[in-house]
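One structure is given here, and the rest of the page talks about it.
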Amino acid sequence: SLKVKSLTFERGLIGDLDLKSYWDEEEKAIILKGDAREGNESRTIIDGFVSPERDTINIGINAQNTRIEFLNHLLSSFIEDASGRTSGKLHILGAPGSINMEGALAPLGQLKIKPINTVYNVIGDTLRFTHNKIGFDGFHVKDNHGNSGGITGGVYHQNLKRFTVDFHIKADNLLAF
């Protein structure tokens, strides 16, 4: 059993972690079961394994009102000042040098798009994580003046490295610089 106070992921606070692990001889893997809580605000459940013999990681994350500040570092090439909360399920999987994510998260909060120097409020749609892509499908945002828009497209990457973006934006007086 391991307890970590103020666990962070990609420099974003997740909460206080209580992690239990054991070796599964049949699977040849370290089984991980964790629960990270930020007081009564959020809970992040971790359930998965790391297999040194198969050189594989497969960790499930069940985010329940978890902070989104980790996006500031993970997607630092084009966003900053992300704040808010998210809920959903995400799997982190692959070999240590070629990690990927699968699942869906529904964030609520705000973030600043660096290339256009604009802050948007995220109204509450779903981010879809598939192999080498974080997809936006009609994602709704509002600027600080209450104007709204929709974003379709994605953030593409190569195993969480070399990020590129391809967005299509539908806007009605949406602030864009």
Side-chain angles (χ1 to χ4, degrees), residues 1-22 24 27 29-51 56-76 78-94 96 99-113 119-142 148-157 159-160 163 165 167:
S1 184
L2 173 70
K3 294 189 184 292
V4 178
K5 207 113 170 93
S6 301
L7 172 74
T8 62
F9 171 70
E10 293 289 341
R11 301 182 188 162
L13 179 67
I14 301 297
D16 296 335
L17 174 68
D18 183 5
L19 180 71
K20 295 181 183 1
S21 65
Y22 63 92
D24 185 318
E27 294 293 325
I30 301 165
I31 306 301
L32 304 170
K33 300 208 178 279
D35 192 351
R37 294 178 186 248
E38 184 194 1
N40 293 326
E41 285 288 313
S42 73
R43 181 176 187 197
T44 305
I45 300 167
I46 300 164
D47 186 13
F49 67 86
V50 176
S51 176
T56 301
I57 295 170
N58 187 335
I59 299 174
I61 297 172
N62 181 347
Q64 301 170 9
N65 207 35
T66 302
R67 290 176 180 255
I68 65 169
E69 283 82 359
F70 67 89
L71 294 175
N72 288 314
H73 187 256
L74 184 65
L75 304 175
S76 64
F78 67 96
I79 73 160
E80 64 186 3
D81 300 331
S83 63
R85 305 269 176 184
T86 192
S87 295
K89 294 183 178 181
L90 191 63
H91 266 88
I92 299 171
L93 55 135
I99 295 293
N100 234 295
M101 298 183 292
E102 295 177 354
L105 294 174
L108 288 171
Q110 68 177 26
L111 54 84
K112 181 178 184 179
I113 305 295
V119 174
Y120 293 111
N121 294 300
V122 178
I123 298 171
D125 286 318
T126 302
L127 293 174
R128 305 232 180 258
F129 294 78
T130 57
H131 188 77
N132 289 333
K133 179 183 177 185
I134 304 169
F136 298 76
D137 188 19
F139 205 74
H140 292 89
V141 296
K142 283 191 176 183
S148 62
I151 302 173
T152 301
V155 176
Y156 298 87
H157 58 88
N159 304 108
L160 300 179
F163 288 87
V165 297
F167 291 135

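Computed from heavy atoms alone, side chains included, the values below leave out hydrogens, waters and symmetry copies.
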Has the side chain of N132 got a donor or acceptor atom that lies under 3.5 Å from a matching backbone atom of N159?
-> yes
Atom CD in Q64, atom OG in S42: separation rounded to 0.5 Å?
-> 9.0 Å
Could you check R85 against R67 for side-chain contact (heavy atoms from CB on, under 4.5 Å), going step by step and ending with a plain yes or no?
-> CA-CA 4 Å; R85 305 269 176 184; R67 290 176 180 255; 3.5 Å; yes
Would you please test L93 and E102 for side-chain contact (heavy atoms from CB on, under 4.5 Å) and show each step?
-> CA-CA 8 Å; L93 55 135; E102 295 177 354; 4.1 Å; yes
Nearest atoms (heavy-atom pairs only) where A63 meets L105 | CB-CD2, 4.3 Å
Indicate the atoms forming the closest heavy-atom contact of D18 with S1, along with that distance.
-> OD1-OG, 3.6 Å
Measure the spacing between CD of E10 and CG of N72 and express it to the nearest 0.5 Å.
-> 11.0 Å
Check whether any side-chain N or O of T126 sits under 3.5 Å from a backbone N or O of A106 as a donor-acceptor pair, and report yes or no.
-> no
Where I14 and E38 come nearest, the two heavy atoms and their spacing = O-CB, 4.0 Å
Test log, rule side-chain contact (heavy atoms from CB on, under 4.5 Å), inputs L127 and F136 | CA-CA 6 Å; L127 293 174; F136 298 76; 3.3 Å; yes
Can you find a heavy atom in the side chain of I79 that is under 4.5 Å from one in the side chain of L71?
-> yes
When rounded to the nearest 0.5 angstrom, what is the spacing between CD in Q110 and CG in D81?
-> 8.0 Å
Atom CG of L74 and atom CG of L160: how far apart are they, to the nearest 0.5 Å?
-> 6.0 Å
D16 bridged to R37 by N-O distance under 4.0 Å | no
Anything under 30° is parallel, anything over 60° is perpendicular, the rest tilted; go ahead and classify F163 against H157.
-> tilted
Given the options I123, N121, I151, V122, H140 meets side-chain contact (heavy atoms from CB on, under 4.5 Å) only with I123
Please step through side-chain contact (heavy atoms from CB on, under 4.5 Å) for the pair E69 and L13, ending with a clear verdict.
-> CA-CA 7 Å; E69 283 82 359; L13 179 67; over 6 Å; no
Nearest heavy-atom approach of K133 to G153 is CE-O, 4.1 Å
Just by distance, do the side chain of N65 and the backbone of E41 share a donor-acceptor pair under 3.5 Å?
-> yes
Would a distance-only check, ignoring hydrogens and angles, find a side-chain to backbone donor-acceptor pair under 3.5 Å from D24 to A29?
-> no
Would you name the heavy atoms of E27 and S51 that are closest together and state the gap between them?
-> O-OG, 4.3 Å
The reported gap from CG in L75 to CG in L111 (rounded to nearest 0.5 angstrom) is 9.0 Å
Less than 4.5 Å apart, any side-chain heavy atom of T44 and any of F9?
-> no
Test side-chain contact (heavy atoms from CB on, under 4.5 Å), reference N62, set L90, I46, I45, D47, output is I45
Near D137 CG, under 6.0 Å, is it more than 12 heavy atoms from other residues, nucleotides or ligands?
-> no
Atom pair CG/CG of L2 and L32 - distance to nearest 0.5 Å = 10.0 Å
Smallest separation among heavy atoms of F139 and P107, with atom names | CZ-CG, 3.8 Å
